[in-house]
Amino acid sequence: MMLSEELIELANKTIHLKAETQTLEVKAAHRGCPKRLYDTLSSFSNQDGGGILLFGLDEESGFEVVGVYDLQDLQKKVTEQCNQMIPPVRAVFTVAEIDTKPICSAEIPSVDLVERPCYYSGAGRVKGSYVRVGDADLPMTDYEIYTYEAFRKHLHDDERAVERAKMSL
């Protein structure tokens, strides 16, 4: 779990670099909880090491500190979205203040390999599974989804017997 001081340090580094990363997504949240966090929740959960949602900076205003509308309600609403993921995501929250404005982080842990892909239940496994590429959440390809399922079911296509094949030439 991140300490308040570490959250402030992360926010200041993000303000300085003016960029999101493979493991960091910035959301303003000064006018309410972002409605669709599912793509990012999925992509962070599906990568080793997870990721961090940082609320209270506005990317569109050059990563200016705008604060969050309500720390308590934000955590409640983010948790509600986390609970709509399969398997459910268990975010770890940290709060802090920069220039008297509240900020909040939600650390999204990675899902165990055998439980991947993590996806939004409202969209289903095929349309609700995402992967993080740089600072973007991209829909998983059919092949990426299949790879996880093959791993989970211990499928080894190259070792399966082909029923109609003969041993003789």
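Reckoned from all heavy atoms, side chains included, excluding hydrogens, waters and symmetry mates.
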Visitor: Where do A91 and A106 come nearest, in terms of heavy atoms and distance?
Guide: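 That would be CB-CB, 4.2 Å.
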Visitor: Side chains of M2 and S105, heavy atoms from C-beta outward: is any pair under 4.5 Å?
Guide: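 With C-beta onward as the side chain, the pair touches.
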Visitor: Tell me, do Q81 and C33 make a side-chain contact under 4.5 Å, heavy atoms counted?
Guide: yes
Visitor: So, for P117 and I145, which heavy atoms are closest and what is the spacing to 0.1 Å?
Guide: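 Minimum heavy-atom contact is CG-CG2, 4.4 Å.
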Visitor: Table please: side-chain donor-acceptor pairs of residues 22-29 below 3.5 Å, with sequence neighbours left out.
Guide:
| unit_1 | atom_1 | unit_2 | atom_2 | d |
| --- | --- | --- | --- | --- |
| Q22 | OE1 | G134 | N | 2.9 |
| Q22 | NE2 | Q47 | OE1 | 3.0 |
| Q22 | NE2 | R132 | O | 2.9 |
| E25 | OE1 | R132 | NH1 | 2.7 |
| E25 | OE1 | R132 | NH2 | 3.1 |

Visitor: Just so I know, are the side chains of K127 and P139 near enough to count as touching, which here means a heavy-atom distance under 4.5 Å?
Guide: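 They are not in side-chain contact.
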Visitor: Only one of L7, V92, L53 passes side-chain contact (heavy atoms from CB on, under 4.5 Å) with E107; say which it is.
Guide: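 Result: among L7, V92, L53, V92 is the only option passing the side-chain contact (heavy atoms from CB on, under 4.5 Å) with E107.
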Visitor: Considering only residues two or more places apart or on different chains, which pairs with a residue in residues 8-20 satisfy side chain to side chain donor-acceptor pair (under 3.5 Å)?
Guide: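 Output for this query is empty, none listed.
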Visitor: Are F44 and V89 side-chain neighbours, meaning at least one heavy-atom pair lies under 4.5 Å?
Guide: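 F44 does not reach V89 side chain to side chain.
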Visitor: At what distance, to the nearest 0.5 angstrom, does CG of D142 lie from OG of S129?
Guide: 10.0 Å
Visitor: Considering non-hydrogen atoms only, spot the tightest contact between L57 and A11 and give its length.
Guide: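 Shortest heavy-atom contact: CD1-O, 4.0 Å.
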Visitor: Tell me which pairs pass salt bridge (charged side-chain N to carboxylate O under 4.0 Å, His left out) where either residue lies in residues 90-103, with sequence neighbours left out.
Guide: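 Applying salt bridge (charged side-chain N to carboxylate O under 4.0 Å, His left out) to every pair that reaches into residues 90-103, excluding sequence neighbours, yields nothing.
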Visitor: Is there a side-chain contact between T94 and E6 (heavy atoms, below 4.5 Å)?
Guide: no
Visitor: Is I8 reachable from L54 through a run of hydrophobic residues whose side-chain heavy atoms are each under 4.5 Å from the next?
Guide: yes
Visitor: Looking at every non-hydrogen atom in both residues, tell me the closest pair between Y38 and Q84 and how far apart they are.
Guide: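 Closest pair (atom of Y38, atom of Q84, distance): OH-OE1, 3.3 Å.
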Visitor: Could you pull out all donor-acceptor pairs under 3.5 Å where a side-chain atom in residues 60-73 meets a protein atom, sequence neighbours excluded?
Guide:
| unit_1 | atom_1 | unit_2 | atom_2 | d |
| --- | --- | --- | --- | --- |
| S61 | OG | D58 | OD2 | 3.1 |
| Y69 | OH | D73 | OD2 | 2.7 |
| Y69 | OH | L74 | N | 3.3 |
| D70 | OD1 | Q72 | N | 3.0 |
| D70 | OD1 | D73 | N | 2.9 |
| D73 | OD2 | K77 | NZ | 3.0 |

Visitor: Nearest 0.5 Å, please: how far is CG in L10 from CG in L3?
Guide: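 Between L3 CG and L10 CG, I get 12.5 Å after rounding to 0.5 Å.
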Visitor: Does L138 belong to the same Ile/Leu/Val/Met/Phe/Trp/Tyr cluster as M140, with side-chain heavy atoms less than 4.5 Å apart forming each link?
Guide: yes
Visitor: With a 4.5 Å limit on heavy-atom distance, are the side chains of Y148 and V111 in contact?
Guide: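 The answer is no; the side chains never approach within 4.5 Å.
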Visitor: Quick one: side chain to side chain contact (heavy atoms under 4.5 Å, CB included) partners of S110, sequence neighbours excluded?
Guide: R116
Visitor: For residues F93 and C104, report the shortest heavy-atom separation together with the two atoms involved.
Guide: CD2-SG, 3.9 Å
Visitor: So P87 and C118, do their side chains get closer than 4.5 Å, heavy atoms only?
Guide: yes
Visitor: About how many Å separate OG of S42 and CD1 of I86, when rounded to the nearest 0.5 Å?
Guide: 11.0 Å
Visitor: Is there a side-chain contact between V131 and N46 in this structure, where contact means two heavy atoms from C-beta onward sitting under 4.5 Å apart?
Guide: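 In short, these two side chains do not touch, never coming nearer than 4.5 Å.
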Visitor: Just jot down the side chain to side chain donor-acceptor pair (under 3.5 Å) partners of Y120, sequence neighbours excluded, or say none.
Guide: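 Y120: no side chain to side chain donor-acceptor pair (under 3.5 Å) contacts found.
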Visitor: As an exercise, state the distance from CG of L41 to CZ of R36, rounded to the nearest 0.5 Å.
Guide: 10.5 Å
